[in-house]
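In what follows, every heavy atom counts, from backbone to side chain, and hydrogens, waters and symmetry copies are set aside. Not measured: the values here are computed from a predicted model.
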Amino acid sequence: MTVSFVYTVPARRMIEEADERWITEHGITVDNPLLAEVDHAVELLCDYPQLGLVAQHRSRHPGEVRRMLLRSGWHLYYRFDAGRQLIEILALWFAARKSGPSL
């Protein structure tokens with residue numbers, strides 16, 4: 001069975017904000033490597049949904065929330081619904097922040 005994925009509205013907003021910061025700092029003509037890294041991470045998760053570590057904080061989302069550390073120092077938070085074969089991307093968060101995202 002093929003695993004699919006969706007981005008939550010907050011996750012999509014976080015990705016867009018990160019991209020806007022990149023454009024502000026580097027200009028629109030330079031591709032944002034974070035976007036490519038997120039796309040690659042999601043592809044990996046579709047093949048290996050248990051790849052991320054279990055996140056150790058509270059979540060309002062049912063099920064186990066996992067976190068995948070990206071090379072760039074960002075965390076991708078997600079949960080995997082095995083019954084529906086669905087990965088739900090919950091947040092993109094810079095790892096150096098003192099606290100995690102509100103999930």
> If I compare all heavy atoms of Ala91 with all of Ala11, which pair ends up nearest, and what's the gap?
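So the minimum-distance heavy-atom pair works out to N-CB, 3.7 Å.
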> Rest of the hydrophobic cluster containing Val9 (Ile/Leu/Val/Met/Phe/Trp/Tyr, side-chain heavy atoms under 4.5 Å)?
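Answer for Val9: none, a lone residue.
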> Linking I/L/V/M/F/W/Y whenever any side-chain heavy atoms sit under 4.5 Å apart, do Leu35 and Ile89 land together?
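Looking at the clustering, Ile89 is in the same group as Leu35.
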> Quick test of your reading: applying side-chain hydrogen bond (donor to acceptor under 3.5 Å, both in side chains), list the pairs with at least one residue in residues 32-48, sequence neighbours left out, ordered by first then second residue.
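Residue pairs with at least one partner in residues 32-48: Asp19-Asn32, Glu37-Ser72.
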> State which residues pass side chain to side chain contact (heavy atoms under 4.5 Å, CB included) with Pro10; sequence neighbours excluded, sorted by chain then number.
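Pro10 satisfies side chain to side chain contact (heavy atoms under 4.5 Å, CB included) with Thr8, Arg13 only.
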> I need the Leu90 CG to Arg67 CZ distance, nearest 0.5 Å.
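Spacing of CG (Leu90) from CZ (Arg67) equals 13.0 Å.
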> Shortest non-hydrogen contact from Leu70 to Ala41?
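Taking Leu70 first and Ala41 second, the nearest heavy atoms are CD2-CB, 3.6 Å.
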> Nearest 0.5 Å, please: how far is CZ in Arg21 from CG in Leu34?
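Leu34 atom CG to Arg21 atom CZ measures 9.0 Å (nearest 0.5 Å).
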> Once you round to the nearest 0.5 Å, how far does CG of Leu92 lie from OH of Tyr77?
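Reported to 0.5 Å precision, the distance equals 10.0 Å.
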> Would you please name every residue forming a side-chain hydrogen bond (donor to acceptor under 3.5 Å, both in side chains) with Gln50, sequence neighbours left out?
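Checked Gln50 against side-chain hydrogen bond (donor to acceptor under 3.5 Å, both in side chains); matches are Arg66.
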> Quick one: do Leu53 and Trp74 end up in the same hydrophobic cluster if we chain Ile, Leu, Val, Met, Phe, Trp and Tyr together by side-chain heavy atoms under 4.5 Å apart?
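Looking at the clustering, Trp74 is in a separate group from Leu53.
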> How about Ile15 and Val38: do any of their side-chain heavy atoms sit closer than 4.5 Å?
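Of all side-chain heavy-atom pairs linking Val38 with Ile15, at least one is under 4.5 Å.
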> Quick one: CD on Glu88 to CG on Asp81, what's the gap to the nearest 0.5 Å?
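Glu88 CD to Asp81 CG: 8.5 Å, rounded to 0.5 Å.
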> Any chance you could measure Leu86, atom CG, to Tyr78, atom OH, to the nearest 0.5 Å?
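Going from the CG atom of Leu86 to the OH atom of Tyr78 covers 12.5 Å.
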> Can Gln85 and Phe80 be said to form a side-chain contact (heavy atoms from CB on, under 4.5 Å), step by step?
CA-CA 7 Å; Gln85 291 294 292; Phe80 174 57; 3.6 Å; yes
> Any idea which heavy atoms bring Phe94 and Gly73 closest together, and the distance?
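Heavy atoms only, the tightest pair is CD1-O, 3.6 Å.
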> What are the two closest non-hydrogen atoms of Met68 and Leu44, and how far apart are they?
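For Met68 versus Leu44, the nearest heavy atoms are CE-CD1, 4.1 Å.
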> Taking side chain as C-beta onward, heavy atoms only, is Leu76 less than 4.5 Å from Leu45?
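Answer yes - side chains close enough.
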> Do you know which two heavy atoms are closest between Ile87 and Cys46, and how far apart they sit?
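So the minimum-distance heavy-atom pair works out to CD1-N, 3.7 Å.
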> Could you list all the ring-ring contact (aromatic ring centres under 6.0 Å, His included) pairs where at least one residue sits in residues 19-38, not counting sequence neighbours?
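Those involving residues 19-38 are Trp22-His26.
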> Do Val42 and Leu69 land in one hydrophobic cluster if side-chain heavy atoms of ILVMFWY residues count as linked below 4.5 Å?
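Different clusters.
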